[in-house]
Amino acid sequence: ATGVMLHNQIDYNLQFLGIALPTAVLSALLLRGVLRKKAMPITRTRSILEVTAVMFLLIVFVLEGRFLVLGKLGRTAERQGKPEMALTWLDHTRGSLLPRDTELTRAQLLQSLHRPTEALDALTAYAKNNAEDARVWQLRGDIEASLGRCVAARTSYDTALMLGWLNLL
């Protein structure tokens, strides 16, 4: 459980920092040349590269920032015990370049609403990009077991144990 919690904290915070921090640093570097009193010799190539890097990160930040806000609203609704509202917010995050574990969260919510087929579809979508996450297989096993598919559940649990044995101890 500690490993999963640590993974979630690192994954969430690094995604945000992976966008915001480089944007801030590169913006500061770009502005440093503008705000300096002394002229600093900057080659044309370096200047073009800095501006390009800052513009790229700003575009990614603008495009992905809305998904971070929508995901936060969905997770807040989930914590408040409003799974339908959480699903609505999370559905609006589809199309994100950095989806994190949104589909996994959707699967958990769908399972809690007794919609196992949709939950399995969400897990399949999540596993396309992150099949080595043991949580996928553990949840898949839970859903398969609830549907009475014992062999499929066992296979999923075995995979979860193989991938995340340190987290499952």
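To the nearest 0.5 angstrom, I143 atom CD1 is 4.5 Å from L120 atom CG. Atom CG of D91 is separated from atom OG1 of T102 by 10.5 Å, given to the nearest 0.5 angstrom. L139 CG to Q108 CD: the interatomic distance, rounded to the nearest 0.5 Å, is 6.0 Å. If you take NZ on K72 and OG1 on T76, they are separated by 4.5 Å, rounding to the nearest 0.5 Å. Taking OH of Y157 as the reference point, atom CD of E144 lies at 9.5 Å (rounded to 0.5 Å). If you take CG on L109 and CZ on R75, they are separated by 9.0 Å, rounding to the nearest 0.5 Å.
Nearest heavy atoms, A77 versus W89: CB-CD1, 4.4 Å. Shown here for G141 and A153, the closest heavy-atom pair between the two residues is O-CB, 3.5 Å. Listed here is the closest heavy atom pair of L104 and L123: CD1-CD2, 3.7 Å.
Without hydrogens or angle criteria, T88 side chain to E84 main chain gives a donor-acceptor distance under 3.5 Å. Formation of a donor-acceptor pair under 3.5 Å by the W137 side chain with backbone atoms of A131 is found in this model.
The side-chain heavy atoms of L113 and E118, taken from C-beta on, include no pair separated by under 4.5 Å.
When the side chains of ILVMFWY residues are joined at heavy-atom separations under 4.5 Å, either directly or via intervening members, M85 and V69 end up in a single hydrophobic cluster. L68 and L73 fall into different hydrophobic clusters, where Ile, Leu, Val, Met, Phe, Trp and Tyr are joined by side-chain heavy atoms under 4.5 Å apart, directly or via other members.
Using a cut-off of 4.0 Å between Lys/Arg side-chain N and Asp/Glu carboxylate O, R94 and E103 are scored as salt-bridged.
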Test side chain to side chain contact (heavy atoms under 4.5 Å, CB included) applied to R115 and L87, step by step: CA-CA 12 Å; R115 293 162 51 184; L87 281 172; 4.1 Å; yes
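The residue from D121, D133, T105 that alone fulfils the side chain to side chain donor-acceptor pair (under 3.5 Å) condition with Y126 is D133. Of the listed residues (L147, D142, L110), just one forms a side chain to side chain contact (heavy atoms under 4.5 Å, CB included) with P116, and that residue is L147.
Donor-acceptor pairing under 3.5 Å is recorded for the side chains of T124 and R140.
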